[in-house]
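One structure is given here, and the rest of the page talks about it.
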Amino acid sequence: MSEDNRNIVLFAVIAALILLGWPLIAGKFMPAPPPKPARVAASNAAAPATNPTTSAALEPAAAAAKTLRDRQAVIAETPRVAITTPALRGSINLKGARIDDLVLLRHRETIKKDSPPVRLLSPSGAAHSYFAGFGWAGDGVTAPDKDSIWTADGPALTPERPVTLSWNSPQGVQFRIRIAVDPDYMFSIQQWVGNGSAAPVTVRPYGLISRTGAPKEIDTWTNHVGPIGVFGPGANYDIGYPNLRGQEPSFFGKIFGTTAKPGANYFDAKGGWLGFGDMYWLTALIPDQQARVHAGFRGAAGDVFQADFSTPPVTIAPGKSATQTSRFFAGGKEVRLLDQYQDDGHIANFDKAIDWGWFRIVEKPIFYYLDWLFRMIGNFGVAIILLTITIRGLLFPIAQRQFASMAKMKAIQPKMKALQERYKDDKARQQQEIMALYKAEGANPLAGCAPTLLQIPIMYALYKVLLLATEMRHQPFVLWIRDLSAPDPLTPVNLFGLLPFTPPVFIAIGIIPILLGISMYFQFKLNPAPMDEAQKQVFAIMPWMLMFVMAPFAVGLQIYWITSNTLTILQQRLLYARHPEMLVPAPKKAKPAPKK
């Protein structure tokens with residue numbers, strides 16, 4: 001078997017392994033298809049202790065063994081201040097001064113018309129507990145804790161009207177928390193302490209986010225889900241929920257030198273931000289960007305996780321006061337909004353709440369162009385098609401050079417075959433002669449790969465945009481395609497839903513993936529047929545193998561590829577007319593011998 005044949009066979013084997021092992025690969029190393037809105041697993045553990053200033057392990061609340069109760073019943077038990085904005089609805093718990101009840105009005109749980117808005121925060125004692133709190137650790141003074149009842153100066157928090165919470169200690173020290181919110185997802189928190197006692201007091205302000213249970217979404221090497229923060233020049237994607245449970249770094253983490261360690265992970269830095277990121281949603285604490293902070297993550301029994309920060313202690317003389325300002329983000333990871341907070345709000349690297357990865361330089365321009373097309377047209381599917389036309393138009397001059405190179409390579413195939421036969425026992429001499437032939441004929445065997453290589457980052461970038469951008473979630477196209485960020489739900493395997501079963505992912509081939517396979521088949525048919533029989537067989541089955549591989553991916557990505565294949569076919573027809581030497585005539589049938 002020749003070297004080329006061995007390479008082709010090896011490729012076929014690897015492709016088959018990818019096809020057959022795709023469910024495992026998709027589950028372990030690649031992002032899963034976009035899931036339903038983030039839900040954290042229920043747990044019987046309640047909130048961790050709210051004092052993040054010590055290095056001791058977090059303690060589950062005393063009510064850990066109690067059965068979790070209905071969320072609305074828990075909310076109704078405590079005095080509250082309503083939260084009403086164009087983007088948010090919920091309430092602030094006056095017991096403990098916690099923001100623990102929040103839904104996102106711009107985003108729905110499912111694509112159904114009557115679907116409720118996505119719930120992000122829930123109080124301690126209910127399933128999926130997830131909340132933010134702000135307070136002080138006191139030295140020589142009683143500070144408010146999770147059981148303290150605060151007094152509010154108004155019934156509701158709106159973008160037009162902030163709310164101030166008040167609590168006084170037995171020593172006469174006054175504590176105030178002024179909470180403001182913008183029309184989107186950002187809360188401003190001003191913590192004020194006034195010393196009305198006769199002696200100096202020392203307090204350390206802090207903020208925390210607590211959540212019970214990790215989300216069902218998978219943390220992969222292409223998309224980080226879990227604890228996230230910026231403590232320096234870039235975002236930290238190394239720390240995951242397993243680390244906070246005390247588990248050792250993963251195999252890949254050890255290879256790539258992760259900074260995460262089992263248990264608590266803390267950092268001393270200036271400014272920065274930290275919180276928890278899901279596929280589409282984010283909660284983040286943003287201290288004063290000029291303040292020194294001690295910040296990080298920890299976990300406790302019952303699958304309780306906490307992100308917190310504290311600033312250096314402040315000593316306040318009698319009759320004096322001290323103020324600290326921070327911010328709290330709770331909402332969707334909307335690209336334009338995160339960029340706006342980063343630029344106008346001066347939050348360093350806030351856009352890295354979205355794990356764009358290595359191809360960020362390509363992904364963000366693609367997102368902004370795609371989003372602009374959507375705003376102009378109103379349909380993301382049509383916007384993807386126009387994006388594809390734009391990309392193919394930009395690559396057309398390169399494709400022309402690719403096709404001309406292929407024509408030259410096709411023209412010298414007989415000479416290459418002759419050289420291979422002449423020097424079949426001397427591989428080194430064979431390669432020298434072939435290279436000399438390339439130089440003499442002006443052919444470049446690698447030139448044909450240029451458009452393909454350029455399309456790889458574009459395809460990957462579009463894949464990440466469709467996967468990560470909250471703006472793409474639940475966007476319809478036409479007919480049955482009601483979510484471009486999800487796989488095609490219509491498959492002939494169960495007779496388009498008539499049979500009452502859900503086929504496994506690796507055989508649930510939808511209509512759009514089938515059209516993708518057909519488009520690839522016709523595209524391959526227009527390519528010059530390989531001279532080697534093994535190569536012919538591989539190219540014959542490749543469209544259908546790729547059809548199975550692409551089926552679990554977002555429909556939007558498949559629409560991009562189908563459109564690209566269709567434009568490639570049209571382009572090939574045009575270029576064949578310019579390079580007729582590429583057309584290989586069908587072999588003529590031998591005439592039957594004349595009868596004697």
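Here the structure is a predicted model, which is why all the values come from computation and not from measurement.
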Hey, are the side chains of [X] and [Y] touching, using non-hydrogen atoms and a 4.5 Å cut-off?
| X | Y | value |
| --- | --- | --- |
| Pro227 | Phe276 | yes |
| His128 | Arg119 | no |
| Ser210 | Val304 | yes |
| Phe267 | Leu274 | no |
| Thr283 | Phe328 | yes |
| Lys95 | Pro123 | no |
| Pro162 | Ser188 | no |
| Phe380 | Met472 | yes |

Under 3.5 Å, is there a donor-acceptor pair between the side chain of [X] and the main chain of [Y]?
| X | Y | result |
| --- | --- | --- |
| Gln289 | Gly272 | yes |
| Lys464 | Asp355 | yes |
| Glu471 | Val335 | yes |
| Gln558 | Met550 | yes |
| Gln174 | Gly194 | no |
| Asn195 | Ala199 | yes |
| Thr84 | Thr158 | no |
| Lys333 | Asp278 | yes |
| Arg327 | Gly345 | yes |
| Arg473 | Arg108 | yes |

Between [atom1] of [X] and [atom2] of [Y], what distance do you get to the nearest 0.5 Å?
| X | Y | atom1 | atom2 | answer |
| --- | --- | --- | --- | --- |
| Ile209 | Leu285 | CD1 | CG | 3.5 Å |
| Ile347 | Tyr341 | CD1 | OH | 8.0 Å |
| Leu104 | Asp184 | CG | CG | 11.5 Å |
| Ile286 | Phe350 | CD1 | CZ | 4.0 Å |
| Thr323 | Gln190 | OG1 | CD | 5.5 Å |
| Ser310 | Arg204 | OG | CZ | 5.0 Å |

- Item | Arg482 CZ: over 12 foreign heavy atoms closer than 6.0 Å | no

- Message: Determine whether Thr151 and Leu94 satisfy the following criterion, side chain to side chain contact (heavy atoms under 4.5 Å, CB included), listing intermediate values before the conclusion.
- Response: CA-CA 7 Å; Thr151 301; Leu94 293 180; over 6 Å; no

Modelled atom types, side-chain donor and acceptor of [X] and [Y], under 3.5 Å:
| X | Y | result |
| --- | --- | --- |
| Asn349 | Trp273 | no |
| Tyr368 | Arg336 | no |
| Asp101 | Ser91 | yes |
| His346 | Gln290 | no |

- Indicate the ring-plane relationship of Phe175 and Trp167, choosing parallel, tilted or perpendicular according to the 30° and 60° boundaries.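 Aromatic pair Phe175/Trp167 classed tilted.
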
- Query: Going by the angle between their ring planes, with limits at 30° and 60°, are Tyr185 and Phe329 parallel, tilted or perpendicular?
  - Reply: perpendicular

- Kindly indicate, with the supporting measurements, whether the criterion side chain to side chain contact (heavy atoms under 4.5 Å, CB included) is fulfilled by Phe187 and Ile179. CA-CA 7 Å; Phe187 295 83; Ile179 304 176; 4.0 Å; yes

- Query: Given the rule in the side chain to side chain contact (heavy atoms under 4.5 Å, CB included) test, do Ile83 and Ile99 qualify, once you have shown the distances and angles that lead to the verdict?
  - Reply: CA-CA 9 Å; Ile83 299 173; Ile99 303 175; 4.2 Å; yes

- Task: Quick one: do Tyr463 and Phe359 satisfy side chain to side chain contact (heavy atoms under 4.5 Å, CB included)? Show the steps, please.
- Result: CA-CA 11 Å; Tyr463 165 65; Phe359 293 105; over 6 Å; no

- Is any side-chain N of the basic residue among Asp153 and Arg176 closer than 4.0 Å to the acidic one's carboxylate O?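 A salt bridge is absent here (no side-chain N lies under 4.0 Å from a carboxylate O).
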
- Note on the structure: Between Ala143 and Trp136 the two heavy atoms that sit nearest each other are CB-O, 3.5 Å

- Item | For the student: nearest non-hydrogen atoms of Phe309 and Ala295, plus distance |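 Nearest pair, atom of Phe309 first, then Ala295: CB-CB, 3.7 Å.
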
- Task: Test salt bridge (Lys or Arg N to Asp or Glu O under 4.0 Å) on Arg245 and Asp303 and set out the steps.
- Result: CA-CA 7 Å; Arg245 294 188 182 107; Asp303 229 21; 2.7 Å; yes

